[in-house]
Structure formats: C-alpha cells, structure tokens
Amino acid sequence: MRLSSQSACRQATQQPRLIAGGIFYSGLAAEALLLVTLYGGSGLLYGLALLLTLTLTTAAGIATARWRHTGQLAGIMHGFLIAAAGLLLVVLALHAQRDWLVLLPAVAISGVGQGMVGAALHQGSMRSRSGRVRLLVYGLLALLSCVLVLAIKQAVGGLEGRSFSFALLLDLALFGALLVRISQRDVESDLVDGTAPR
C-alpha cells in the first residue's frame, strides 16, 4: 500500500514538474537575453557582467538546493519565489534609473532562485528518449519567450519596455510558484485521504 501511494505521489507531481520546467527554461533564457541587451550595444560590457552574475549565482543556487535536501515540489516553489523577489528588485531598480551596479544584487538573488528551481527539477531524473523530447520542447518555449520579451521591449520602448519585459518574467515566476504550491497541497491532501482509516 505504501509503494502504491509513493507511485501515485510521483505521478501526481509529474505534470506540475513538466510545466515548471517549461517556466524555468523559458524564464531563464529570456532573463539572460534581456540582461545582455539591457543597455544596447554601447553597454554590452555591463550586460555581460550581469549575465556572468546570473550564471554564477545560478550555479550557487544549484549547490544550495542540493545541500538543503527539501522535497522536490517545495524546492521548485521556494526557488520560484526567490527568483521572483530578485526580478521584482530588478524592476524596481530599472524604475529608479540607478546605475547598473544596483542591478547586481537583484540579478544575484534571481540567479540563486533559478538555480534552486533547476536543481529541484533535475533531482532524481534519468536520461531517456522522452527526456530529449522534453528538452526540445523546453528549448522551443525558451525561444518563444525570448521573442516575446524582445517584442515587448521593442513595442513599448525605453524604460517602460525594459520594465514590462522583466515584469512578465516576474509574473511567470510567481505563476510557477503558485502552480507548484497548488499541486503540492493536492498531493498532501491525497496522501492524507489515502492513509485515513475507512
């Protein structure tokens, strides 16, 4: 009976993990692209410094998540919330029109959250043919999100375009956290209902 409840739990978390993976890859790719193009051609060095910050802190987030040993859905949810906090700070820093150095802590917080999500998503995953198809779908979603944020940035233009683009990524991270939390509560209630005496 315990084995069947673990199997049911694993199946119940499969769909939110797939959706969270799409949100993770598309959000991370779009954020990296926005950071590189944030200051245009004249500020490419600043954009690369922000991208390097995102990359290093994402690696730190992966290490942190592997050290914490939380449940998979909890790790995904916490990572999305931390990434959303960092993206909110990016939007606030852009509205304040501060120097690019003010963006570094915000990008670092977002990177740690993204790394935590990535580590939780790949916790216990195995390579298979369906995994390769999933990565192809994630790649297409990442490409679509990059096109979307660049279209928003170009259509609105200026400071508002950059802010709206990062705000879209903030909404995406919050949606991922909410989706995972709802799924987590469903799994918890199913386990309680399944173990209750009848």
Side-chain angles (χ1 to χ4, degrees), residues 13-38 47-48 50-62 64-65 72-91 93-94 103 106-123 125 127-156 160-184:
T13 62
Q14 184 68 20
Q15 183 179 6
R17 282 181 49 222
L18 291 174
I19 297 170
I23 293 171
F24 164 71
Y25 285 110
S26 59
L28 186 61
E31 184 177 359
L33 180 67
L34 282 174
L35 289 174
V36 169
T37 61
L38 191 61
L48 291 175
L50 291 170
L51 180 63
L52 179 64
T53 302
L54 180 69
T55 304
L56 292 175
T57 55
T58 300
I62 290 170
T64 301
Q72 194 170 31
L73 288 180
I76 294 171
M77 183 187 67
H78 293 148
F80 274 137
L81 289 174
I82 292 171
L87 289 167
L88 177 62
L89 292 175
V90 168
V91 171
L94 287 174
L103 289 173
V107 170
I109 292 169
S110 175
V112 168
Q114 297 280 13
M116 289 174 66
V117 172
L121 281 172
H122 296 292
Q123 176 183 342
S125 64
R127 296 185 187 272
S128 65
R129 182 175 175 165
S130 65
R132 283 184 242 135
V133 171
R134 191 177 327 133
L135 281 178
L136 178 65
V137 171
Y138 289 161
L140 291 173
L141 286 173
L143 180 65
L144 179 66
S145 69
C146 289
V147 169
L148 183 63
V149 294
L150 283 180
I152 290 171
K153 186 179 167 190
Q154 292 296 327
V156 178
E160 289 83 16
R162 293 183 290 188
S163 297
F164 285 158
S165 297
F166 279 104
L168 175 68
L169 299 180
L170 168 64
D171 291 342
L172 201 59
L174 288 174
F175 172 70
L178 181 64
L179 174 82
V180 169
R181 180 60 185 145
I182 290 170
S183 300
Q184 188 180 26

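Computed from a predicted model, the values in this text were never measured in an experiment.
Residues Ala30 and Leu169 share a closest heavy-atom pair of CB-CD2, 3.6 Å. Taking each heavy atom of Gly161 and Val156 in turn, the nearest pair found is N-CG1, 3.5 Å. Across Leu50 and Val107, no two heavy atoms sit closer than the pair O-CG1, 3.6 Å. Taking each heavy atom of Ile152 and Leu168 in turn, the nearest pair found is CD1-CD2, 3.7 Å. When every heavy atom of Ala32 is checked against every heavy atom of Leu51, the shortest pair comes out as CB-CD1, 3.5 Å. Between Ser163 and Val91, the closest heavy-atom pair is O-CG2, 4.0 Å.
The closest side-chain heavy-atom distance from Leu179 to Phe80 is not below 4.5 Å. In this structure, the side chains of Val180 and Ile19 stay at 4.5 Å or more apart for every pair of heavy atoms. Contact annotation: the side chain of Tyr25 approaches that of Leu135 to within less than 4.5 Å [non-hydrogen atoms, C-beta and beyond]. The closest side-chain heavy-atom distance from Tyr138 to Leu18 is below 4.5 Å. Considering only heavy atoms from C-beta on, Phe166 comes within 4.5 Å of Leu34 through its side chain.
Distance alone, capped at 3.5 Å, is enough to place a donor-acceptor pair between the Arg162 side chain and the Leu38 backbone. Looking only at distances, no side-chain donor or acceptor of Ser110 sits under 3.5 Å from a matching main-chain atom of Ala106.
Ser165 OG to Leu148 CG: the interatomic distance, rounded to the nearest 0.5 Å, is 8.0 Å. Taking CG of Leu89 as the reference point, atom CD1 of Ile109 lies at 5.0 Å (rounded to 0.5 Å). Between atom OG of residue Ser145 and atom CD1 of residue Ile23 there is a gap of 11.0 Å, rounded to the nearest 0.5 Å. Interatomic distance, Leu87 CG to Asp171 CG, rounded to the nearest 0.5 Å: 10.0 Å. Distance check: Leu178 CG to Met77 CE gives 10.5 Å after rounding to the nearest 0.5 Å. Taking CZ of Arg181 as the start and CD1 of Ile76 as the end, the distance is 13.5 Å to the nearest 0.5 Å.
Listed by chain and number, the residues in a side-chain contact (heavy atoms from CB on, under 4.5 Å) with Leu174 are Leu81, Ala84, Leu170 (sequence neighbours excluded).
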